[in-house]
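Shown next, in structure tokens, is the structure this report addresses.
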Amino acid sequence: TTDWVDYIKQRMLSTRKVKSSNSGASPTVVVHIRRGDVVPCNNYTHLRYLPNSHYITLIKKYQTKQHRVIVHSELKSYESWADFDEVDRLQLKLDSTLEEAWQDMLEADIFIMSKSSFSIIPAVLT
């Protein structure tokens with residue numbers, strides 16, 4: 001509903017940090033990877049599962065030497081998080097709070113979404 005969207009915008013955007021071109025902050029690629037309840041071998045969730053290689057390919061496509069990368073997901077994963085060791089300037093944020101994850105997503109210069117409604121909310125708000 002409109003009231004719910006207004007509530008979320010007020011809650012999340014009121015604390016949003018505005019990046020200044022003079023701030024010296026590195027541009028950011030933020031990635032949400034749905035894990036935890038999805039696995040590639042399940043008849044229901046396999047349609048939502050995207051392998052680590054999918055996200056690594058997208059990160060490499062959009063990341064420049066200036067970009068830092070933040071990946072939000074759950075610790076529990078079918079694949080190893082060590083797959084992301086090949087990505088430069090990467091910070092894994094596993095099991096972070098909803099507020100922290102959405103804040104990073106809202107502030108991202110580039111946002112790589114998962115097949116998840118969790119990703120859609122911050123995408124709609126920006």
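Just the heavy atoms: all of them, side chains too, but no hydrogens, waters or symmetry mates, feed the values below. None of the values given here were measured: they were computed from a predicted structure.
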R34 versus Y55, closest heavy-atom pair with distance: N-OH, 4.3 Å

Candidate pair E107 and Q103, rule side chain to side chain donor-acceptor pair (under 3.5 Å), full reasoning: CA-CA 6 Å; E107 295 175 3; Q103 193 71 46; 3.0 Å; yes

Closest heavy-atom pair and its distance - E79, N52: OE2-N, 2.8 Å

Flag side-chain contact, heavy atom, 4.5 Å: R35 against W81: yes

Between CD1 on residue I33 and NE2 on residue H72, distance to nearest 0.5 Å: 11.0 Å

Residue pairs fulfilling salt bridge (Lys or Arg N to Asp or Glu O under 4.0 Å) with at least one residue in residues 80-90, sequence neighbours excluded: K60-E86

Donor-acceptor contact below 3.5 Å, side chain S119 vs main chain S114: yes

Side chain proximity check, I70 to V31, heavy atoms < 4.5 angstrom: no

Euclidean distance, I110 CD1 relative to T64 OG1, rounded to 0.5 Å: 7.5 Å

Side chain to side chain contact (heavy atoms under 4.5 Å, CB included) evaluation trace for K115 with L50: CA-CA 8 Å; K115 290 184 179 182; L50 294 169; 4.0 Å; yes

S26 backbone acceptor or donor facing Q66 side chain under 3.5 Å: no

Interatomic spacing from CE in M105 to CD1 in I120 - rounded to 0.5 Å: 12.0 Å

Heavy-atom check, side chain of Y78 versus side chain of P51, under 4.5 Å: no

Side chain to side chain, F84 and I59, heavy atoms closer than 4.5 Å: yes

4.5 Å side-chain heavy-atom contact, V29 and R68: no

Output field: ring centroids H32/F118 closer than 6.0 Å: yes

Atom pair OG/CG of S96 and L75 - distance to nearest 0.5 Å: 11.5 Å

Side chain to side chain, Q91 and V69, heavy atoms closer than 4.5 Å: no

Sidechain-backbone polar pair: T28 side chain, V30 backbone, donor-acceptor under 3.5 Å: no

Considering all heavy atoms, the nearest V87-L90 contact: O-CB, 3.7 Å

